[in-house]
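The structure appears below as structure tokens.
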Amino acid sequence: MRRRGIAAGLAVVAVVLTACAPVGDPAWVPPNWTPSEITVVDAPDALDPVDDGAVAARIVPQRLRNDAVGVQARFAYLPGTDAAASAFNAVVEARVRDAIAAAVAASGTPYAPQAQPAGAGLDDRSCVAGSATRPAADLLADPALGAPGGVGVALVCDIVAASGSILGQRLRTVGGAPGAIASDATSILYVDTATGDVATAEELWADGAAGRLSEDVVDALRRSAGALSWRPAESGDEAQLAAIRGALASTTPAPGGLTFTIPAGFTAPQLASLGTPATEEPLSIAVPSAVASGLVTDFGARVLASEGMPFDAPVAGPAGADRVDCGLVPCIAVTYDDGPTSLTPRLLDDLAEARAAATFFMLGSSASNAPDTVRRVAAERHEIGNHTWSHPQLPEIDDEEVASQLQRTQGLLRSLSGQPVASFRPPYGEYTERVLEVAAEPAILWSVDTRDWAGPADDALIRSAVDGATPGGIILFHDTHERSIRVAPTVFSGLADRGFTLVTVTTLFGGQLPASGAFRRAP
């Protein structure tokens, strides 16, 4: 009896509930999430390195390789030595020295600039697009990029930004052996070529940006995980914030904003509560300008503002105006005696084409007949030295005539070039202590005599210069012989192929000529 009462009661409730059921609205749809402010992208074009011919004219690619230490590096300087170039290049060079130091520590071998055999291919010095994002083992094993034999340290570069006055270079250093990576670090450096300001990628973001972006990233990920709650995401724990802070070091410009990449393994408490595992692949996060503009520093705002603008950094000028550290890269000084002549302008064209610097030891008598050529040599930032007025054997003349030969020539060359003209080359390489005392300037000799005056065949002349070159050496030519001018492009490319940078004599001495004495610079 009692059971029947309960059943009857349930029946009444069922009838009442059925009678109260609302009428369905066939047009109703569940509400959607509000549009996400950031997006997770798989492989955005914005993350591809810049590959623009216009950039090549505004950077100076560099490359070094030392098989004994086990290091190879590609990097890019800004041209010139103004404040902007100097600030940026100093930071880039510090990264290069860090890579060398790591190789030295691993090998136990001291570093010194090293040239390679002919055919080494080191005249290709450009940043290789995409190299900084290749798998570490592949990068290290690539002969064009990695350490010699795939064991040691490799540094590679990508240009990731070039718009307006902003240049961004990504440098990646990998150490170890193929399949056994001991270290792998990437940094991105930005420079405003208009102001000289330099910033790392993480310095594009203001304090507190990581917290805000952390919330947005978690919000985007939980949506993709199927969460229904509209409750705003929280910035999360310290591990979550640390992951975002670290990821900001990968920031690059993208159409409409900035991007950064979070390595695989990212998680957050709110994601874990949904049963969402840590990410298995890197996450590329696109932050639109409308969001990024409230989270960046002044430098970051300049990067955002430069989007879509043509790159307007200064075009690279003469090679002699560029930063070169001959303690870092193998240098060679190519020198020409007895000019200038009618052949010298052609030689200057070839030097410009090769982006190479040279030193001209000029005769006063020749310079007086070609003043415009002297001025051009100086304007193109080659070095001018004194080779006396009329090429006498200095030990055979008295002190007064030695002084006259040098001082008369120096006065003319200084007035035409605006250069100090602070060194001399004694004719025939002949000098005495008396001559050096009268000259009171360094006598610059040579370590490779090509004997171009003797009429060697072109291939022999090329071999003597290219094969005979050693880091820190000085090669002797004369711009009075057509054969020397004819082979010049092949000589320049052959030296570059071995890894040499062609510099002036003063650069070879670290930017400061010695006070006096005779110098060959033979290692």
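Here, residue 1 is the first one in the sequence, and each next residue gets the next number. This is a predicted model, so every value here is computed, not measured.
- Atoms CG and OG, from Leu248 and Ser214 in turn, are 10.0 Å apart once rounded to the nearest 0.5 Å.
- In this structure a side-chain-to-backbone donor-acceptor pair under 3.5 Å is missing from Ser423 to Gly385.
- The number of heavy-atom neighbours closer than 6.0 Å to CG of Asp459, taken from other residues, nucleotides and ligands shown, is above 12.
- Side-chain atoms of Thr279 and Thr267, non-hydrogen and from C-beta on, never get closer than 4.5 Å to each other.
- Using modelled atom types and a 3.5 Å distance limit, the side chains of Arg425 and Thr335 yield a donor-acceptor pair.
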Take Arg63 and Ser126 through the side-chain hydrogen bond (donor to acceptor under 3.5 Å, both in side chains) test and state the conclusion after the steps.
CA-CA 8 Å; Arg63 186 175 176 185; Ser126 60; over 6 Å; no
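- Atom OG1 of Thr359 and atom CD1 of Ile444 lie 9.0 Å apart (nearest 0.5 Å).
- Closest heavy-atom contact between Asp184 and Ala136: OD2-CB, 3.6 Å.
- Leu241 is not listed as a side-chain neighbour of Asp237, based on a closest heavy-atom distance of 4.5 Å or more.
- A salt bridge is absent between Asp158 and Arg172: the closest approach of a Lys/Arg side-chain nitrogen to an acidic carboxylate oxygen does not fall below 4.0 angstrom.
- When all heavy atoms are compared, the tightest approach of Gly179 to Ala137 is N-CB, 3.5 Å.
- Proximity of a side-chain donor or acceptor of Asn89 to a complementary backbone N or O of Ala85 within less than 3.5 Å is detected.
- Within the structure, side-chain hydrogen bond (donor to acceptor under 3.5 Å, both in side chains) contacts touching residues 139-155 (residues at least two apart or in different chains) are Arg134-Asp142.
- Between Arg74 and Asp124 there is a salt bridge, since a side-chain N of the basic residue sits under 4.0 Å from a carboxylate O of the acidic one.
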Candidate pair Ser187 and Arg95, rule side-chain hydrogen bond (donor to acceptor under 3.5 Å, both in side chains), full reasoning
CA-CA 9 Å; Ser187 61; Arg95 300 296 195 275; 3.3 Å; yes
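- Open room surrounds CZ on Arg381; 12 or fewer heavy atoms of other groups in view lie less than 6.0 Å from it.
- Listed here is the closest heavy atom pair of Asn66 and Pro148: O-CG, 3.9 Å.
- With hydrogens and angles disregarded, a donor-acceptor distance shorter than 3.5 Å links the side chain of Tyr111 to the backbone of Leu328.
- Contact of the Gln62 side chain with the Val96 side chain is not registered, since no non-hydrogen atoms from C-beta on lie closer than 4.5 Å.
- Sorted by first and then second residue, the side-chain hydrogen bond (donor to acceptor under 3.5 Å, both in side chains) pairs with a member in residues 307-325 read Glu93-Arg323, Arg97-Asp325, Asp322-Arg355; sequence neighbours excluded.
- Between the His382 side chain and the Ala358 main chain, a donor and an acceptor come within less than 3.5 Å of each other.
- Side-chain contact between Leu283 and Leu221 is present, with at least one heavy-atom pair separated by less than 4.5 Å.
- Separation of atoms OG1 (Thr504) and CD1 (Ile384) is listed at 11.5 Å; rounding is to 0.5 Å.
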Leu513 vs Glu383, side-chain contact (heavy atoms from CB on, under 4.5 Å): CA-CA, chis, key distance, verdict:
CA-CA 12 Å; Leu513 287 170; Glu383 186 171 352; 4.1 Å; yes
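- Tested against Phe477 for a ring pair (Phe, Tyr, Trp, His ring centres under 6.0 Å), the candidates Tyr336, Phe492, Phe360, Trp446 yield a single pass: Tyr336.
- Rounded to the nearest 0.5 angstrom, Ile159 CD1 and Leu167 CG are separated by 5.0 Å.
- Within the 4.5 Å cutoff, the side chain of Thr506 has no heavy atoms near those of the Gln512 side chain.
- Nearest heavy atom pair, residue Pro330 against residue Ala115, reads CB-N, 4.3 Å.
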Starting from the C-alpha separation in whole Å, work towards a yes-or-no answer on side-chain contact (heavy atoms from CB on, under 4.5 Å) for Gln169 and Cys127.
CA-CA 9 Å; Gln169 179 176 189; Cys127 295; 4.2 Å; yes
side-chain hydrogen bond (donor to acceptor under 3.5 Å, both in side chains) between Gln116 and Arg65: does it pass, once the steps are laid out?
CA-CA 8 Å; Gln116 302 301 321; Arg65 190 180 114 195; 3.1 Å; yes
Could you walk me through whether Thr259 and Thr252 pass the side-chain hydrogen bond (donor to acceptor under 3.5 Å, both in side chains) check?
CA-CA 5 Å; Thr259 62; Thr252 57; 3.0 Å; yes
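- Remark: Leu304 CG to Arg302 CZ distance equals 12.0 Å, nearest 0.5 Å.
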Could you walk me through whether Cys326 and Val503 satisfy the side-chain contact (heavy atoms from CB on, under 4.5 Å) test, starting with their C-alpha distance in whole Å, then the side-chain angles of each, then the deciding distance to 0.1 Å, before giving a yes or no?
CA-CA 9 Å; Cys326 295; Val503 300; 4.1 Å; yes
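- Remark: side-chain polar atoms of Glu380 are not paired, donor with acceptor, to backbone N or O of Val377 under 3.5 angstrom.
- Residues Phe519 and Phe509 have side chains in contact (heavy-atom distance under 4.5 Å, counting atoms from C-beta outward).
- With a 4.5 Å cut-off on side-chain heavy atoms, Asp452 and Ser484 count as touching.
- A distance of 10.0 Å separates CG of Leu145 from CG of Leu140, quoted to the nearest 0.5 Å.
- Proximity of Leu495 to Val334: side-chain heavy atoms (C-beta onward) are separated by under 4.5 Å at one or more points.
- A donor atom on one side chain and an acceptor atom on the other are not found under 3.5 Å apart for Thr297 and Trp205.
- The two residues Ala201 and Ser250 make their nearest non-hydrogen contact at CB-N, 4.4 Å.
- Heavy-atom minimum distance, Thr186 versus Arg170: CG2-CG, 3.6 Å.
- Between the side chain of Asp497 and the backbone N or O of Gly121, at least one donor-acceptor pair lies under 3.5 Å.
- Proximity of a side-chain donor or acceptor of Ser284 to a complementary backbone N or O of Thr261 within less than 3.5 Å is not detected.
- Ser86 contributes a side-chain N or O that, together with a main-chain N or O of Thr81, makes up a donor-acceptor pair within less than 3.5 Å.
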side-chain contact (heavy atoms from CB on, under 4.5 Å), that's the test. Do Tyr190 and Ile188 meet it? Break it down for me.
CA-CA 7 Å; Tyr190 292 92; Ile188 302 178; 3.4 Å; yes
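- Not one N or O on the side chain of Gln72 forms a donor-acceptor pair closer than 3.5 Å with the backbone of Leu64.
- Among Gln240, Glu238, Glu202, the single residue meeting the side chain to side chain donor-acceptor pair (under 3.5 Å) criterion with Arg245 is Glu238.
- When atom types are taken as modelled, the side chain of Thr173 and the backbone of Ala99 share no donor-acceptor pair closer than 3.5 angstrom.
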